[in-house]
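Only one structure is covered here, and it is reproduced in the block below.
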Amino acid sequence: MTDEVAVLGAGMHPWGKWGRSFVEYGTVAARAALADAGIDWRRVGSIVGADTVRGGYPGYVAGATFAKALGWQGARVASVYAACASGAQAVSTARAQILSGLADVVLVVGADAAPKGFFRPAGGDRADDPDWLRFRVLGATNPTYFGLYARRRMAVHGDTPEDFAQVKVKNAAMGALNPNARYRKRVTAEEVASSAVVADPLRLLDICATSDGGAALVLSSMEFARRHGAADPVRIRAVSTVTPRYPSTVLDLPDIATDSAVSVEPADETFRASIARAAYEEAGIGPRDLSLAEVYDLSTALELQWYEDLGLCGEGGGAKLLAEGATALGGRIPVNVSGGLSSFGEAVPAQAIAQVCELTWQLRGTAGDRQVAGARVGVCANQGLFGHGSAVIAVR
Amino acid sequence: MSRTRTPVVTGWFAGEGDDFRLLGTRCSACASVFFPREDAFCRNPGCSGGELVEVPLSRRGRVWSYTDSRYRPPSPYVSDRELEWQPYALIAVELAAERLVVLGQAVPGVAVADLTVGMEVEVVPGVLNEDAETTWTTWHWRPTGVTV
């Protein structure tokens, strides 16, 4: 087991389509997290920014961009990118600095300003870039991959579009309770079923939108937290940032093909399952110890997949677990009580940080109407394209 | 005016009619197959590294999954914005001999309603788009029961 770090503060800029710069969203979130922690920015020894590829050069050096916006004060800086997993990499970097003694208080910030419509690759003719190739050769947008996964579940596990719609119904009900969510309206199964098909079998309301938003955390050593007067802070007990193992046999964004398993037998465990297992091992806990989970529901079908990958149920048991109400607020293991990506839309580098913000508020018992009673242990999980796993386990 | 037929990506497929094949590479040391082709290094972490030799992939495979694009994909996908968008199916195909899954567009006219997981399909030459000088060619998957 690795030593823990304290979460002193959490803050967000509400998700939406605000039409302003990612710098503004990140700075609002950072100021909120610092205020929540009761820490003066000038006291922060290190800042870690989760990059965005949509903000020009300032997005590639997000750590410095946010440091400048908050007012240069000489802090150590790092900027990291891991697609959807960028936020967890930022948390991981901050934790490593704290545990190694390089810094005692670290500010982690991620923010994005998303375009209208599909995400698209960077410009230019780049035939050596798999992300460019999948668009040029196949027109394979992100939702088409979600559609492939969903259809595969229907064929292998017998899931139905009605099962998928119930994920949206659940998450929309919880998002309606969250002031930081972009979509705050309950949705019925009929509304999902009557929304337009985007990538068969998935409809518009099965697929998460792209959003503007920002999230930030103030992390510190346990020793600093005690001196600061935080006697019983939320603690981060594990951060998983694993990569796949060859041969990777599940078609992953942005790839056009999987690895070949002809000369090396694939591991029994999928990449996504390995993301959670690494976190559980590091934390010394298992799925039965969880009070709640935040998972990356890029699509409704993918949320069911995460139930299985996190070990909340056996393979193929996701739809049944949902139907039993186990993953709703008040259930045995509530999932995405924040409302999830379903209610937020994806603000890529902010999203994994926002997941940890939600865990923090839940573990503090300050999540208001969406509070999971007696929450003690939470996990969040996601996967970034190009082979980035991420999971964080927080406890109190 | 006649257009030049040019593969949308060089070296990924070749041949005409029944001889059309996707082209991958195989490591001479560990026999791992790569598509899209690897020409510099074998990616098997347990392999000391062999020569990567071009190999044609199996013509036929089985549908691992499928979906479609109901909305026009963004650039660099090329489509005529003057015309109403016509959805096309995408099929992920499992090749048994190579033990890998390859994505591709379905032949025009085959929609998701025509497909099932496990169905046999074969690779055929196709056209991705045309501009003033060039017909950009690609591969398509076609159910083996269908003749187009």
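Predicted, not measured: the structure shown is a model, and the values here were computed from it. Any value given below was found using the heavy atoms of this structure, including those in side chains, with hydrogens, waters and symmetry copies removed. Below, chains carry the letters A, B, ... as their sequence lines are ordered, and counting in each starts from 1.
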What are the two closest heavy atoms between [X] and [Y], and how far apart are they?
{"X": "B/Ala97", "Y": "A/Val262", "value": "O-CG2, 3.4 Å"}
{"X": "B/Ser75", "Y": "A/Arg120", "value": "O-CB, 4.1 Å"}
{"X": "A/Gly147", "Y": "B/Thr67", "value": "CA-OG1, 3.7 Å"}

Task: Interface residues of residues 38-51 of chain B facing chain A - non-hydrogen atoms under 4.5 Å apart - done: B/Arg43, B/Asn44, B/Pro45
Answer yes or no: does atom [atom1] of [X] have more than 12 heavy-atom neighbours from other residues, nucleotides or ligands under 6.0 Å?
{"X": "A/Lys320", "atom1": "NZ", "answer": "no"}
{"X": "B/Arg5", "atom1": "CZ", "answer": "no"}
{"X": "A/Glu315", "atom1": "CD", "answer": "no"}

Side-chain heavy atoms of [X] within contact of [Y], under 4.5 Å:
{"X": "B/Pro76", "Y": "A/Trp132", "result": "yes"}
{"X": "B/Leu100", "Y": "A/Thr249", "result": "no"}
{"X": "B/Arg70", "Y": "A/Arg203", "result": "no"}
{"X": "B/Tyr71", "Y": "A/Leu204", "result": "no"}

Task: Interface residue of largest heavy-atom contact number with chain B, from A/Pro130, A/Ala199, A/Ala155, A/Pro121, under 4.5 Å - done: A/Ala199
Open item on the list: With chain B as the partner, which of A/Asp200, A/Asp259, A/Asp255 has the greatest number of non-hydrogen pairs under 4.5 Å?
Closed with: A/Asp200
TODO: With a 4.5 Å heavy-atom cut-off (strictly below), which parts of residues 134-144 of chain A touch chain B? List them by number.
DONE: A/Phe135, A/Arg136, A/Val137, A/Leu138, A/Gly139, A/Ala140, A/Thr141, A/Thr144
Answer with side chain, backbone, both or neither: which region of [X] has an atom nearer than 4.5 Å to a non-hydrogen atom of chain B?
{"X": "A/Leu202", "answer": "neither"}
{"X": "A/Val264", "answer": "side chain"}
{"X": "A/Phe119", "answer": "backbone"}
{"X": "A/Pro247", "answer": "neither"}

Using non-hydrogen atoms only, which part of [X] is less than 4.5 Å away from chain A: side chain, backbone, both, or neither?
{"X": "B/Val8", "answer": "side chain"}
{"X": "B/Leu90", "answer": "both"}
{"X": "B/Val102", "answer": "both"}
{"X": "B/Val101", "answer": "both"}
{"X": "B/Phe34", "answer": "side chain"}
{"X": "B/Trp64", "answer": "both"}
{"X": "B/Ala89", "answer": "neither"}
{"X": "B/Thr138", "answer": "side chain"}

Open item on the list: Within this structure, what is the CD1-CG distance for the pair B/Ile91 and A/Leu148, rounded to the nearest 0.5 Å?
Closed with: 10.0 Å
- [ ] Show your working on side-chain hydrogen bond (donor to acceptor under 3.5 Å, both in side chains) between B/Ser32 and A/Ser263 and close with a plain yes or no.
- [x] CA-CA 5 Å; B/Ser32 286; A/Ser263 68; 2.5 Å; yes
Task: Largest heavy-atom contact set with chain A, pairs under 4.5 Å, which of B/Trp12, B/Phe35, B/Tyr66 - done: B/Tyr66
